[in-house]
Amino acid sequence: MARPLNILFASPEAHPFAKTGGLGDVSSALPLALKQQGHDVRVIIPKYRSIGQSKRSVKPMGLTVAVPVGTKVKSGKLHEGRLNRTVPIYFVGRNEYYDRKEFYGDADGEFPDNAERYIFFARAVLEACKALDFQPDIIHCNDWQTGLIPCYLKTTFANDPFFENTRSVFSIHNLGYQGNFKKRYLPVAHLPRKVFSMEGVEFYGHFSFMKAGLVYADRLVTVSKTYSKEILTPENGFGMDGILRHHQSKLSGILNGADYGEWDPQIDVHIKTRYGPKSLNGKLECRKNLARKLSLKLPDQTPLICMVTRLSSQKGIDLIIQRFTDLMRQDAALVILGAGDDPYETFFNEQNQNYPERFRFIQGFDEKLAHRIIAGSDLLLMPSLYEPCGLTQMYALRYGTVPVVRRVGGLADTIKGFQSGKNQGTGFLFKPKEEHKWFPLLQKALALYSKKKVWRNLMLNGMKQDFSWEKAAKQYALLYRRALKK
Ligand code: ADP
Ligand code: GLC
């Protein structure tokens, strides 16, 4: 038996303490799955305001870390909680940076001090290892907010005996968010001048935290096989494709899992009636209950389409807006739960007035309602322009909610196209280059809803899919061991 590993999972968010999207889900589910496989895994995130206010137990540890930021040395207080009562999660507290309602920005845009907030966090993660006397074999970093950690390990801490055997893995969850800041933050981060080069953190004259992760991590991983190839192309590389091609030998793709401890209609604590493949009636109850709650008119033959999503252009929201009037002419109802860009929120809020019986937009982030909507709907629409993995479609499958998606990234790797006559497939996919076909495809799916037997089989095909984290966690453990051989 290979020895268990010491793993520190550094992330800007982790459910149920802090979540804005899929990264929050991954940052609790993957550590839990690794723990089950015997590893000593711990998670570390910033201590945002909501964490102090939650009912979950979060205790000060009496430990402080000191981080040089510009000309000052700033201190952070460590707090501790547990994920699912098993995995320790540490919170780096510093009110000046994290005692805010939102994590990354508010109505006025991104927080102007984001560079400083995540410089502090990155270095605090390393100082926390020392304060906790936890020597990680692997620090698993996630997205640009943690991108400086691999860079510190290879520079500032390169000769530090404490980290002599520590290797870093950097996960790309979304290349569209890069954390590119002004060059003047380099001395704020106390990084040597030499890292500001083409081979280092310099990106078109800016100091890129994402690039720092890509260049200095021992291993790179992204959240689906297809996305790991897409990001090597200029179309999907967000300017980083050349860098990624250069570092291709250390890049791999591991498909995210779905946390069935949270997302399974047979045990879901949030939904009205529990159900499963052998007791589908519960889904009808959930549907009725949802329609009542949202005051939607939903006769039995009318399918309910849903979206639970960040409202950003990534998610293909423009397609919905372009065909909204046509969509409202179908025998279908639509519910959208989402928060994000202003123009999208404004548009959907207006449509609430125009189509009160068949459309409902709920603006905001609501975990419980997300479960109820996915359980109570018949179809999930996810026409994302790009999708590194996507978790919502995997959850939808388990709830018998049939996905209609664009064949990109993780959507291509998780949804199998429905084939009429063969009783095969789990959803509907349109090709990225055939965007105009998405609406006829949706119409085709809607028409199938009246064919009760076919629809039932389609639902059951999806409900039987198994995307549990166990498999992914094993692949990560292998990846960590490969990083350690370096
Ligand atoms: P992304 O991480 O790009 O937002 P994913 O599909 O990977 O997309 O993950 C989205 C996660 O966030 C899912 O758990 C989904 O249920 C949740 N989510 C998205 N928007 C909302 C919302 N408005 N309210 C509640 N949960 C949401
Ligand atoms: C990002 C991606 C999403 C992915 C999630 C978790 O937010 O947009 O596709 O599922 O990270 O990896």
Side-chain angles (χ1 to χ4, degrees), residues 9 11-16 18-30 103-104 140-146 170-178 210 221-228 230-231 236 238 253-263 268 270-271 306-317 335-341 344-345 348 360-375 377 380-399 401 403 405-406 408-415 467 469 472 476:
F9 199 91
S11 175
E13 45 187 87
H15 175 74
K19 165 173 167 182
T20 64
L23 175 55
D25 288 353
V26 172
S27 302
S28 60
L30 174 56
F103 303 167
Y104 314 122
H140 187 153
C141 309
N142 293 273
D143 273 355
W144 71 263
Q145 294 88 342
T146 58
F170 184 73
S171 270
I172 305 161
H173 293 269
N174 195 333
L175 207 55
Y177 301 85
Q178 303 183 338
M210 171 66 85
V221 59
T222 186
V223 288
S224 70
K225 277 260 167 343
T226 297
Y227 192 61
S228 75
E230 287 171 346
I231 53 178
N236 291 297
F238 285 96
I254 300 179
L255 187 71
N256 281 335
D259 184 349
Y260 295 129
E262 296 272 332
W263 292 94
D268 192 326
H270 300 298
I271 63 178
C306 76
M307 296 182 80
V308 175
T309 185
R310 288 185 290 115
L311 292 176
S312 85
S313 62
Q314 177 201 340
K315 300 294 179 180
I317 312 290
V335 51
I336 301 181
L337 169 62
D341 296 354
Y344 296 137
E345 291 184 346
F348 290 128
R360 189 66 66 251
F361 171 53
I362 305 102
Q363 185 179 326
F365 194 92
D366 185 336
E367 184 76 23
K368 186 182 175 84
L369 188 57
H371 284 249
R372 290 186 166 191
I373 287 177
I374 288 177
S377 302
L380 172 92
L381 195 49
M382 214 163 154
S384 313
L385 298 181
Y386 72 95
E387 197 59 77
C389 177
L391 299 173
T392 322
Q393 83 281 7
M394 291 197 243
Y395 303 153
L397 287 175
R398 188 44 68 110
Y399 285 73
T401 306
V405 306
R406 191 191 300 252
V408 288
L411 297 172
D413 296 357
T414 52
I415 307 300
F467 294 107
W469 269 103
Y476 275 104

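Every number for a ligand or one of its atoms is a count from 1 in the order of the listing. Values reported hereafter were calculated over all heavy atoms of this structure, with side chains retained and with hydrogens, waters and symmetry mates removed. Numbers for residues simply follow the sequence, beginning at 1.
If you number the atoms of ligand 2 from 1 as listed, the ones under 4.0 Å from a heavy atom of Val26 come out as 6 (C), 12 (O). Taking every heavy atom of Asn174 and a limit of under 4.0 angstrom, the matching atoms of ligand 2 come to 8 (O).
Classified by interplanar angle (parallel below 30°, tilted 30° to 60°, perpendicular above 60°), the ring pair Tyr476/His140 is tilted.
In this structure, Glu345 has no salt bridge (charged side-chain N to carboxylate O under 4.0 Å, His left out) partners at least two apart in sequence or on a different chain.
Summarising the geometry, atom CG belonging to Asp25 is positioned 11.0 Å from atom SG belonging to Cys389; distances are rounded to the nearest 0.5 Å. With rounding to the nearest 0.5 Å, the separation of CE in Met307 from CG in Leu381 is 5.0 Å. Note that OG of Ser28 and CG of Leu23 are 10.0 Å apart. Values are rounded to the nearest 0.5 Å.
For the side-chain contact (heavy atoms from CB on, under 4.5 Å) with Thr392, the lone residue among Ile374, Thr309, Thr401 that qualifies is Ile374.
At distances below 3.5 Å, not a single donor-acceptor pair connects side-chain atoms of Thr222 with backbone N or O atoms of Gly253.
Inspection of the Tyr177 and Gln314 side chains reveals no N or O donor paired with an N or O acceptor under 3.5 Å.
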Pairwise, report which nitrogen or oxygen atoms of ligand 1 are under 3.5 angstrom from protein nitrogen or oxygen atoms, and how far apart they are.
residue	atom	partner	partner atom	Å
ligand 1	2 (O)	Gly22	N	2.6
ligand 1	3 (O)	Arg310	NH2	2.8
ligand 1	3 (O)	Lys315	NZ	2.7
ligand 1	4 (O)	Arg310	NE	2.8
ligand 1	6 (O)	Leu391	N	2.9
ligand 1	6 (O)	Thr392	N	3.2
ligand 1	6 (O)	Thr392	OG1	2.8
ligand 1	7 (O)	Leu391	N	3.2
ligand 1	8 (O)	Lys315	NZ	3.2
ligand 1	9 (O)	Gly22	N	3.1
ligand 1	14 (O)	Lys19	NZ	2.9
ligand 1	14 (O)	Asp25	OD2	2.7
ligand 1	23 (N)	Gly364	O	2.8
ligand 1	24 (N)	Asp366	N	3.0

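Atom 12 (O) of ligand 2 has its closest protein heavy atom at His173 ND1, 2.7 Å. Distance from atom 9 (O) of ligand 2 to its nearest protein heavy atom, with residue and atom name: Glu387 OE2, 2.5 Å.
Only the side chain of Asn256 comes within 4.0 Å of ligand 2, counting heavy atoms alone; its backbone N, CA, C and O stay farther away. Contacts between Arg310 and ligand 2 below 4.0 angstrom, taking non-hydrogen atoms only, involve the side chain exclusively.
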Apply side-chain contact (heavy atoms from CB on, under 4.5 Å) to Met394 and Asn256, showing your working.
-> CA-CA 10 Å; Met394 291 197 243; Asn256 281 335; 4.2 Å; yes
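For Tyr386 and Phe238, the gap between ring centers is short of 6.0 Å.
Between Val223 and ligand 2, not a single N/O pair is under 3.5 Å apart. Where the criterion is an N or O separation shorter than 3.5 Å, residue side chain and backbone included, Gly390 meets it with respect to ligand 2.
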